Amino acid sequence: MIRTHDAGTLRASDAGTTVTLAGWVARRRDHGGVIFVDLRDASGVVQVVFREEDAHALRNEFCVLVVGEVNARPEGNANPELATGEIEVVASQLTVLSEAAPLPLPVDDTITASDDLRLKYRYLDLRRSGPANALRLRSRANQIAREVLHARDFNEIETPTLTRSTPEGARDFLVPVRLQPGTWYALPQSPQLFKQLLMVAGMERYYQIARCYRDEDFRADRQPEFTQLDIEMSFVTQDDIIALGEEIVSRLWSELAGYQVQLPIPRITWTDAMNRYGSDKPDLRYGVELNELTSYLKGTEFRVFAGAIAAGGYVGAVVMPGGASQTRKELDGWQDWAKARGARGLAYVVLDAETGEPRGPVAKNLSAEHLSGLADAVGAKPGDAIFFAAATERREAQELLGAARIEIAKRSGLIDESAWAFCWVVDAPMFEKTDEGGWTAVHHPFTSPNAEWLDRFEEAPDQALAYAYDIVVNGNEIGGGSVRIHRADVQSRVFDLLGISPEEAQDKFGFLLEAFKYGPPPHAGIALGWDRTCMLLSGNESIREVIAFPKTRGGYDPLTTAPTPITAQQRLEAGIDAKPKPTGVTPGTDGQAVPVERSN
RNA sequence: GGUCCUGUGGAGCAGUUGGAGUGCUCGCCGCCCUGUCAAGGCGGAGGUCGCGGGUUCAAGUCCCGUCAGGACCGCCA
């Protein structure tokens, strides 16, 4: 080491010690005869005092080596804002290790730059304490997860990132294969199939901090490559996985957020979550629950509601406390808000703050009877606003109300930003209808029906429930998992229902079905969205903050300028333009890579 | 694929009714300064208002297109 001490660790007890420090010039205050330099390294900042002219040439972010003596600061000059504020280092020797050009963005905790500039100069951005601490927190989170899992005899096992697609639904990133032109690897969307194979292999307890790839549009909480803490166990039930998830989460929150999670974390069924909150990831930091009015409003002549009721649909409402005081413009704004999410509008009734009398466009369409009991039916008080949604598809109307509920909480300031509200959402449905009238797996096709539905999910696919569970905090899904199917007969029945032919199943994941011939153990698992978890733990609002070198929304990396075009030579070698050769072999059945025309 | 917001010296912003590239804070360069800690004082440099077109006597400002960034919907666990 070329230094003897870390700058941020020096304290009054070090007074009198001669130290050698190395770091960056965070700030300089040049008084002519005396020059103060805040020297920053990974441990923090300390004030260095120069009385020699040579420090005059120092500029921000010069990398320097300083020899000096730790002194208590003169009376009245301590800085209580700094951990090192009681002392300073009086420099006797200065070496400039490297100079810094004028900075393209300020390296300063009090100043923010635009996102793309921060990403282009991410290495400067990360010299700031906030961004740096987010990465350090993530490192700690990794360590905590490993501690918990190794204490329980888990094995950390790496699975391939050049593989074939896992059938999770999203678009794959593809990699051309030089040795077999016209064939392609897919980057994994998750290690799902490999971890199940590891269960067949008898590893029993697997985990991996796994990089996953999905070629879909990005968001503040979505990047093309992301990380999950991926876990799988054999010979366990749903409750075992939930207990494990709770231990990890409670350790993370207690050590990194200073919050003691109350265990066990409450569970809510998927159906209850939809009925009460209009979401499968409900934010439980506030109330404002949905109220179903399908039977209450039976017989109404208001066409929007009557139509939904007649079609066996759903009518419901959510109350905005104090919402009656909104201006006409604000109330109209809700219509635009609803239309922006693809709804026709958001019907509303406001209750007069004095009399409680219902008013508004919809009130004119409701009978006196329906109006008189409305406030009680939805639990509204005078001065409140009531928003309605109606649809033939129950879920569609509930999701609109659920989104309105969140918007109400935001606009009315109902959210306690310091709160952590955890829940498990359990008993998720197995299947949902596709636009084509078939069925698709809500989770993935290896999710097991629960005991009640195992033998008869075909009877009512829309009602069949899975051993699937998501962990939710403050309206963010931070993890999800399921008990997997380990019986070949159940798996083929699920494929049947999903309209996956035996040939197609064989083509897509024949290797897994083959493995399941050889005594697969019952197994279950969970994956925690690691970026999102670290984002929440660090109090950030974008996962980019907990990723060292993230990409922008367009999948662009301003730092390396990736992605880039390739040369003609690379293109030729990669075999990108090779035409798939016709072949007599059924793809994927004999362990031999053969050209395959991809279905998506 | 859709809706919305943003783009002005190196950074962050303001820029009124369309009237000269105007302003603010920080940074940068020079000088002064021995106790500051977001140091202070004086002086200075730095601009094709993202790009292209249009309207107009006149465009940073209005219109169209386009590029980049961001938020949301679709999509995506």
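Just so it is clear: chains get the letters A, B, ... in the order the sequence lines come, proteins before strands, and each one is counted from 1. Computed from a predicted model, the values in this text were never measured in an experiment.
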**Student:** At 4.0 Å (heavy atoms only), tell me whether A/A527 reaches a base, stays on the sugar-phosphate, or touches nothing.
**Tutor:** nothing

**Student:** Starting at the 5' end of RNA chain B, which residue's closest nucleotide do you reach first, A/G33 or A/D221?
**Tutor:** A/G33

**Student:** Considering only B/C76, B/G35, B/G30, which nucleotide approaches the side chain of A/R59 most closely?
**Tutor:** B/G30

**Student:** Looking only at atom C1', what distance separates B/U8 and B/U48, rounded to whole Å?
**Tutor:** 12 Å

**Student:** Considering only side-chain heavy atoms of A/D116, which listed nucleotide, B/C31, B/G27, B/G69, is closest?
**Tutor:** B/G69

**Student:** As a test of reading the structure: which of B/C29, B/C37, B/A77 is closest to the side chain of A/A170, going by heavy atoms?
**Tutor:** B/A77

**Student:** Aromatic ring centroids of A/F62 and A/W24 under 6.0 Å?
**Tutor:** no

**Student:** Partner lookup for B/G65, please. Criteria are Watson-Crick or G-U wobble with both distances under 3.5 angstrom; report none if nothing qualifies.
**Tutor:** B/C51

**Student:** Given the C1' atoms of B/A68 and B/G23, what is the spacing between them in whole Å?
**Tutor:** 27 Å

**Student:** What does A/D30 touch in the nucleic acid at a heavy-atom separation under 4.0 angstrom: a base, only the sugar-phosphate, or nothing?
**Tutor:** base

**Student:** Are any of A/R544's side-chain N or O atoms less than 4.0 Å away from OP1 or OP2 of B/A71?
**Tutor:** yes

**Student:** Please determine, by modelled atom types, if A/D230 and A/Y206 share a side-chain donor-acceptor pair under 3.5 angstrom.
**Tutor:** yes

**Student:** Base, sugar-phosphate alone, or nothing: which one does A/R532 contact when heavy atoms must sit under 4.0 Å apart?
**Tutor:** nothing

**Student:** So, do A/H523 and A/M233 sit near enough that their side-chain heavy atoms are less than 4.5 Å apart?
**Tutor:** no

**Student:** Whom does B/U34 pair with, Watson-Crick or G-U wobble, provided both distances fall under 3.5 Å?
**Tutor:** none

**Student:** Classify the nucleic acid contact of A/R118 as base, sugar-phosphate or nothing, counting any heavy atom under 4.0 Å across all strands shown.
**Tutor:** nothing

**Student:** Test your reading of the model: is there a side-chain donor-acceptor pair from A/E246 to the backbone of A/I265, 3.5 Å cut-off?
**Tutor:** yes

**Student:** What is the per-nucleotide protein-contact pattern of nucleotides 4-12 of chain B, from the 5' end, where B denotes a base atom under 4.0 Å from a protein heavy atom, S denotes such proximity for sugar-phosphate atoms only, and - denotes neither?
**Tutor:** ------SSS

**Student:** When you get a sec, tell me which of B/C76, B/A71, B/A77 is the closest nucleotide to the side chain of A/E216?
**Tutor:** B/C76

**Student:** Between B/U36 and B/G44, how far apart are the two P atoms, rounded to whole Å?
**Tutor:** 29 Å

**Student:** Sticking with atom C1', work out how far B/G52 lies from B/A59, rounded to a whole angstrom.
**Tutor:** 15 Å

**Student:** For B/C37, does OP1 or OP2 lie under 4.0 Å from any side-chain N or O of A/R29?
**Tutor:** no

**Student:** Using the P atom as the reference point in each nucleotide, state the distance between B/U25 and B/G43 in Å, no decimals.
**Tutor:** 13 Å

**Student:** Both A/R341 and A/T552 contact RNA chain B. Which one's nearest nucleotide lies toward the 5' end?
**Tutor:** A/T552

**Student:** For B/U16, which nucleotide is its Watson-Crick or G-U wobble mate, given both distances must be under 3.5 Å?
**Tutor:** none

**Student:** Taking the C1' atom in each of B/G27 and B/A11, what is the distance between them to the nearest angstrom?
**Tutor:** 7 Å

**Student:** Who does B/A59 pair with, Watson-Crick or G-U, both distances under 3.5 Å?
**Tutor:** none

**Student:** Under 4.0 angstrom, heavy atoms only, what part of the nucleic acid is A/F218 near: base, sugar-phosphate, or nothing?
**Tutor:** nothing

**Student:** Between B/U55 and B/C76, how many Å separate the two C1' atoms, rounded to a whole number?
**Tutor:** 44 Å

**Student:** If pairing requires Watson-Crick or G-U wobble contacts with both distances under 3.5 Å, which nucleotide is the partner of B/A11?
**Tutor:** B/U25

**Student:** Just checking A/R59: does its CZ atom have more than 12 heavy atoms from other residues, nucleotides or ligands closer to it than 6.0 angstrom?
**Tutor:** yes

**Student:** Around A/E432, counting heavy atoms of other residues, nucleotides and ligands shown, do more than 12 lie under 6.0 Å from its CD?
**Tutor:** yes

**Student:** In whole Å, measure the gap between the P atoms of B/G9 and B/U61 for me.
**Tutor:** 15 Å

**Student:** Nearest to the A/D38 side chain among B/C37, B/C28, B/U36, which nucleotide is it?
**Tutor:** B/C37

**Student:** Just checking, A/R211 and A/W530: is the charged tip under 6.0 Å from the six-membered ring centre and within 45° of the axis?
**Tutor:** no

**Student:** Quick one: which of B/U36, B/A77, B/C75 gets closest to the side chain of A/R219?
**Tutor:** B/C75

**Student:** Hey, can you pull the residues of residues 466-473 of chain A with a non-hydrogen atom under 4.0 angstrom from RNA chain B?
**Tutor:** none

**Student:** Does the structure show A/H31 stacking with B/A39, if we require the centres to be closer than 5.5 Å and the planes to be within less than 30 degrees of parallel?
**Tutor:** yes

**Student:** At 4.0 Å (heavy atoms only), tell me whether A/R73 reaches a base, stays on the sugar-phosphate, or touches nothing.
**Tutor:** base

**Student:** Under 6.0 Å from the CD atom of A/E216, do we count more than 12 heavy atoms belonging to anything else shown?
**Tutor:** yes

**Student:** Flag yes if more than 12 heavy atoms outside A/K551 fall under 6.0 Å of its NZ atom; otherwise flag no.
**Tutor:** yes

**Student:** Of the nucleotides B/G35, B/C72, B/A77, which has the atom closest to the A/R51 side chain?
**Tutor:** B/G35

